[in-house]
Amino acid sequence: MNIQLPDGSSRTLADGATAYDLAADIGAGLARATIAATVNGKQVDVSHVLSDGDTVSLITEKSAEGVEVIRHSMSHLMAMAVQEVFPGAQVTIGPVIEGGFYYDFAYERAFTPEDLSKIEEKMRQLCNQKLPITREEWDRDAAIAHFEGMGEIYKAKLIGRIPAGETVSLYRQGEWSDLCRGPHVPNTGVLKHFKLMKVSGAYWEGNSDNEQLRRIYGTAWASKQDLNDYLHRLEEAEKRDHRKLAKSLDLFHLQEEAPGMIFWHPKGWSVWQVVENEIRSVMNQHGYKEIKTPQVVDRKLWEKSGHWEKFRDDMFTTSTENREYAIKPMNCPCHVQVYNQGLHSYRDLPLRLAEFGSCHRNEPSGTLHGLMRLRNFVQDDAHIFCAESQIESEVLAFIDLVFETYKKFGFEDVIIFLSDRPEQRVGTDEQWDKAESSLHEALKAKGLEYGLNPGEGAFYGPKIEFSLKDCLGRVWQCGTIQVDFSMPGRLGAEYVDEESNKQTPVMLHRAVLGSMERFIGILIEEYEGKFPLWLSPVQAVVCNISDSQREYADSVAKKLQKCGFRVESDLRNEKVGYKVRAHTLQRVPLILVVGDKERDENTVSVRSMSGENIGTFTVDACVEMMKNKVQAYE
RNA sequence: GCCCAGGUAGCUCAGGGGUAGAGCACAUCCUUGGUAAGGAUGAGGUCGCGGGUUCAAUUCCCGCCCUGGGCUCCA
């Protein structure tokens with residue numbers, strides 16, 4: 001029979017030949033390295049019997065696909081090991097994820113970190129046995145009976161979802177078998193480079209009303225080197241963690257008395273102010289008007305806006321003199337109050353009201369996470385009141401604004417998702433059609449790649465989300481733009497159109513950074529605390545070499561401060577090497593060293609954080625140099 | 001909110017039923033040194049909070065709070 005290869009060539013094999021036989025026909029080395037194959041676009045095992053005319057590409061452990069097959073087989077190996085070490089544990093599902101795999105088990109107790117070593121040891125034994133992994137086809141009902149007979153009720157439930165009468169595939173290694181689509185590696189001896197990483201709880205079917213399962217995460221790679229590189233990358237990423245850097249760089253802290261709320265220290269707050277002022281200036285240039293609205297607002301407004309009914313449990317409340325208030329969880333109802341003062345003409349639209357709005361949300365305790373997930377955070381929020389016909393142009397302008405801003409802060413890797421209508425929603429289908437299509441059109445017009453989150457829109461309208469990654473690759477939503485058909489009407493917002501008729505404006509909720517705190521958290525990790533000069537809390541430190549330059553050093557620092565720079569002097573009785581080390585570790589971009597020579601010549605010797613000698617400058621020239629760097633966002 | 005692991009000096013961490021340990025940081029003194037750690041001395045702790053067991057608890061047990069990793073959630 002004739003087999004087509006991906007390079008366009010073809011090969012003739014005996015009838016009944018398998019993917020393995022094809023690999024062996026090409027070369028013994030390839031046969032050893034092949035762990036699966038793609039036949040006519042479908043992934044299969046190496047034992048798959050080929051047919052005349054098949055197009056086949058072989059999957060080796062070197063390819064991304066191959067690593068996925070290894071990870072998938074690895075999760076089976078782990079499940080087998082768990083069931084041998086902990087009889088009574090039931091299997092459920094065990095998928096491949098980025099960097100590795102996990103498997104969820106039902107078991108009478110949680111697994112501990114010590115259990116992981118035992119499981120790992122068992123896994124190594126099993127892979128040393130080089131157990132053949134074979135595929136079996138079972139009748140669906142027979143498979144259900146088989147797993148039920150073994151007491152594997154979760155597996156039986158999973159197969160129960162497959163239509164009756166269909167054939168299902170089981171993979172067997174030694175005495176152990178699992179329902180699986182495959183493909184898998186030919187034997188457990190291929191599975192060598194792995195590490196079990198962590199234990200966790202997880203809910204059956206991802207639903208918190210269901211029972212809690214015991215999840216074990218692992219990582220697996222094609223080579224020892226890849227595994228070590230991955231573990232090394234994790235270690236490096238931990239050094240960038242904004243919570244660690246916040247301590248060593250003295251940026252902010254949290255304490256028990258205010259969970260989920262930040263105490264900003266002078267240096268952290270300095271970064272905040274620079275970011276806020278930058279956004280403020282950009283907003284001004286883009287036609288926004290900044291406002292400020294109350295923190296504590298009568299419950300009646302939240303009832304009108306619909307928040308009380310829907311999100312009451314997530315709001316902090318307070319009361320006085322028989323009135324009940326909520327601490328605002330979002331700014332939009334207040335912005336509508338500002339809009340509602342006075343009459344608006346269609347000529348006023350779009351009207352863009354911006355606020356650095358501090359919001360409190362009573363997030364569940366388990367979700368709090370450093371600066372990324374808080375109970376009190378400040379949004380760089382704005383609401384655009386406009387006519388329906390203006391939605392698309394406003395969205396286009398907003399997308400530009402987001403990318404312009406992110407670029408300034410050094411972010412190029414932006415993840416975009418569009419969330420469309422949820423089951424429970426307000427507004428007519430026609431309105432949703434229009435709003436969703438204006439969002440799609442805007443993204444397409446900008447040539448942006450984006451994903452779709454079906455049904456994930458807010459109840460009041462669809463949205464686009466712009467997300468950034470933290471040092472461990474976790475994705476955090478930052479920017480967003482959301483169309484809202486509901487709130488302007490509920491809260492009585494109006495404008496007068498060309499024919500003197502009262503109309504309800506559409507409201508666009510939008511934020512560029514999202515939460516100031518979250519954005520700064522990502523910023524800290526992105527730069528590993530080594531902020532560019534314009535963002536750095538301390539831009540330069542003037543260090544004297546010995547006591548005789550104390551006054552001069554201090555005068556240089558004062559002069560730079562007068563020019564608007566954040567500069568400190570270090571006049572301590574320490575050697576200059578000690579001071580240079582200390583301020584380098586504190587991520588100060590520029591260290592200005594002054595000895596007798598500099599004092600006599602009215603200059604400073606400038607050293608960069610990376611240790612580069614930038615040169616000797618007069619104080620005025622140093623000011624110029626720093627100004628240029630700041631303007632270039634360096 | 002759920003599961004697991006933690007909480008000891010300002011920071012990073014060790015320890016362990018019987019007066020609490022290190023390094024760094026800090027203070028004082030000596031040293032005045034030219035670009036990543038000069039030396040000496042010293043100060044510092046209700047061992048997260050509350051109960052229990054015990055002659056004795058920071059250590060063992062229970063509850064709670066917070067932090068971390070996941071899960072669920074995220075207007």
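Since the model is a prediction, treat every value here as computed from it, not as a measurement.
Between A:Glu211 atom CD and B:C71 atom C1' the separation is 14 Å, expressed in whole Å. One can place CZ of A:Arg214 at 6 Å from P of B:C4, the figure rounded to the nearest angstrom.
Partner of A:Val588 under the side-chain contact (heavy atoms from CB on, under 4.5 Å) criterion, out of A:Arg607, A:His583, A:Met609: A:His583 alone.
Nucleotide B:G23 has B:C11 as its partner under the Watson-Crick or G-U criteria, with both atom distances under 3.5 Å. Pair assignment for B:C66: B:G6, on the basis of Watson-Crick or G-U wobble contacts that are both within less than 3.5 Å. In this structure, B:G34 forms no base pair with any nucleotide, since neither Watson-Crick nor G-U wobble geometry is met with both distances under 3.5 Å. Nucleotide B:C71: paired with B:G1 (Watson-Crick or G-U wobble, both distances less than 3.5 Å).
Taking every side-chain heavy atom of A:Ser200 into account, B:C71 is the closest of B:C71, B:C4, B:A36. Among the nucleotides B:G1, B:G33, B:C4, the one closest to any side-chain atom of A:Pro364 is B:G1. Of the listed nucleotides (B:C71, B:G38, B:G34), B:G34 has the atom at the smallest distance from the side chain of A:Val576.
As judged by a 4.0 angstrom heavy-atom cut-off over every strand, A:Lys597 is placed among the base-contacting residues.
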Please report, to 0.1 Å, the donor-acceptor pairs under 3.5 Å made by any side chain of residues 451-467 of chain A, with sequence neighbours excluded.
residue: A:Tyr460; atom: OH; partner: A:Gln482; partner atom: OE1; Å: 2.4
residue: A:Lys463; atom: NZ; partner: A:Glu465; partner atom: OE2; Å: 3.2

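Applying the 3.5 Å distance criterion, the base of B:G1 shares no donor-acceptor pair with the side chain of A:Glu363. Looking at A:Tyr203, its side chain comes within 3.5 Å of the base of B:G1 through a donor and an acceptor atom. Side chain A:Ser548 to base B:U32: no donor-acceptor pair is found below 3.5 Å.
Between A:Arg425 and A:Asp429, at least one side-chain N (NZ, or NE/NH1/NH2) sits under 4.0 Å from a carboxylate O, which counts as a salt bridge.
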Are there any protein N/O atoms within less than 3.5 Å of an N/O atom in nucleotides 26-30 of chain B, and if so, which ones and at what distance?
residue: B:C26; atom: OP1; partner: A:Arg572; partner atom: NH1; Å: 3.2

Give each protein N/O atom lying under 3.5 Å from an N/O atom of nucleotides 63-65 of chain B, with the pair distance.
residue: B:C65; atom: O2'; partner: A:Glu256; partner atom: OE1; Å: 3.1

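Within the 4.0 Å cut-off from OP1 or OP2 of B:U32, not a single side-chain nitrogen or oxygen of A:Arg550 is found.
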